[in-house]
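Here it is, the structure in full.
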Amino acid sequence: WNTDSEFQKIKIKQLINDLNKLLAFIDSFSDNLSANHNEIKYNGRGEEFYTYNGFSRDISISFKIAAQTRHEMRPLYKKLNYLAAQTAPNYSKSGRIRTPYMKLTVGDYFNRIPGVLTSVGIKWGKDYPFEIKSHPERDKDMLILPHVLDVNVSFQPIHGFTPNNSI
């Protein structure tokens with residue numbers, strides 16, 4: 001977490017495999033916590049009464065990834081593809097489907113929160129430049145891709161504690 005600039009680190013760590021740090025410009029994040037209640041109507045009363053039914057939380061993060069040089073493009077896109085792949089399952093040696101659990105860290109606000117990715121959205125804006133292959137031999141390993149992409153991630157926490165209404 002670098003407090004001197006808008007250049008932030010978003011670290012998503014799988015429980016089994018480490019994901020390298022993804023450097024990003026954070027646009028926004030939201031942390032939505034919800035309570036669900038059962039409505040009960042008693043005979044002779046005009047208002048409803050409520051009993052607690054459940055708790056849910058979802059986290060959304062929007063950020064830009066940007067290649068500062070053409071040599072950063074390949075590793076940056078490799079990390080982005082790995083991030084997007086975490087919405088798909090993995091499989092055991094016997095072929096059993098498994099959920100890719102991970103831990104989310106964004107600065108000190110989200111610190112190693114266990115959970116799962118529910119979506120990853122990737123969008124290109126017309127104002128962002130593309131890398132081009134200007135020389136057939138010198139640029140043979142260069143990819144024709146945008147330098148900057150907007151990324152949206154939705155994360156479903158699975159808390160390692162029992163949520164309650166204390167401080």
Side-chain angles (χ1 to χ4, degrees), residues 1-66 75-125 127-128 146 148-167:
W1 184 263
N2 183 350
T3 57
D4 297 333
S5 70
E6 293 180 0
F7 199 50
Q8 308 296 333
K9 292 180 185 175
I10 295 177
K11 184 168 47 172
I12 298 176
K13 184 175 180 181
Q14 281 190 309
L15 295 177
I16 298 171
N17 301 318
D18 288 345
L19 171 66
N20 293 329
K21 294 174 186 169
L22 180 62
L23 297 176
F25 298 94
I26 297 175
D27 289 327
S28 66
F29 70 81
S30 64
D31 187 8
N32 300 306
L33 298 96
S34 302
N36 301 312
H37 297 87
N38 297 316
E39 274 187 26
I40 299 173
K41 181 112 172 123
Y42 289 106
N43 191 18
R45 296 296 299 249
E47 74 275 13
E48 285 84 19
F49 290 89
Y50 299 93
T51 58
Y52 198 85
N53 183 17
F55 169 81
S56 64
R57 181 180 185 188
D58 64 273
I59 297 169
S60 297
I61 304 167
S62 297
F63 56 92
K64 289 179 180 21
I65 60 165
L76 186 68
Y77 272 88
K78 187 175 180 180
K79 291 177 187 180
L80 181 60
N81 285 336
Y82 185 71
L83 174 65
Q86 301 316 300
T87 59
N90 61 40
Y91 297 89
S92 69
K93 290 179 183 176
S94 64
R96 187 171 172 90
I97 193 170
R98 298 185 299 191
T99 300
Y101 292 103
M102 58 196 59
K103 293 184 179 180
L104 173 71
T105 297
V106 178
D108 288 327
Y109 190 88
F110 303 118
N111 190 7
R112 297 180 49 79
I113 297 174
V116 294
L117 281 182
T118 56
S119 70
V120 174
I122 302 167
K123 187 174 133 184
W124 171 72
D127 298 335
Y128 306 148
V148 180
L149 287 172
D150 296 315
V151 181
N152 298 305
V153 173
S154 295
F155 185 79
Q156 181 68 56
I158 302 170
H159 295 111
F161 59 88
T162 303
N164 64 57
N165 65 350
S166 63
I167 294 178

- To the nearest 0.5 Å, tell me how far N53 CG sits from N38 CG. 4.0 Å
- Could you tell me how the ring of Y50 sits relative to the ring of H37: parallel (under 30°), tilted (30 to 60°) or perpendicular (over 60°)? perpendicular
- Query: So how far is it from D27 CG to I61 CD1, rounded to the nearest 0.5 Å?
  - Reply: 11.5 Å
- Query: Just wondering, do I59 and V106 contact through their side chains at under 4.5 Å, heavy atoms?
  - Reply: no
- Message: With rounding to the nearest 0.5 angstrom, report the CZ to CG distance, F63 to L149.
- Response: 10.0 Å
- What one should report as the nearest heavy-atom pair of P100 and A88 is CG-O, 3.2 Å
What side-chain donor-acceptor pairs closer than 3.5 Å can you find for residues 153-163, not counting sequence neighbours?
residue : atom : partner : partner atom : Å
S154    : OG   : S119    : OG           : 3.2
Q156    : NE2  : R57     : O            : 2.6
H159    : NE2  : R57     : NH1          : 2.9

- If you round to the nearest 0.5 Å, how far is CZ of F49 from CD of E39? 12.0 Å
- Look only at the side chain of Y52 and the backbone of G54, and say whether a donor-acceptor pair between them is shorter than 3.5 Å. yes
- Query: Looking only at heavy atoms, what is the nearest atom pair of N152 and S62, with distance?
  - Reply: OD1-OG, 2.6 Å
- List for me each residue that meets side chain to side chain donor-acceptor pair (under 3.5 Å) alongside N164, sequence neighbours excluded, and say none if there are none. S166
- Query: So does N165 have more than 12 non-hydrogen atoms from other groups sitting under 6.0 Å from CG?
  - Reply: no
- Given side chains that start at C-beta, do those of W124 and D150 come closer than 4.5 Å, heavy atoms only? no
- Note on the structure: In terms of heavy-atom contacts, L76 and A66 come closest through CD2-C, 3.7 Å
- Message: To the nearest 0.5 Å, what is the distance between CD1 on I40 and CZ on R45?
- Response: 13.0 Å
- Measure the shortest side-chain to side-chain distance between D31 and Y109 over non-hydrogen atoms and say whether it is less than 4.5 angstrom. yes
- Can you name the nearest heavy-atom pair linking V151 to I65, along with the distance? CG2-CG1, 4.3 Å
- Note on the structure: So OG1 of T87 and CG of L117: to nearest 0.5 Å the spacing works out to 7.0 Å
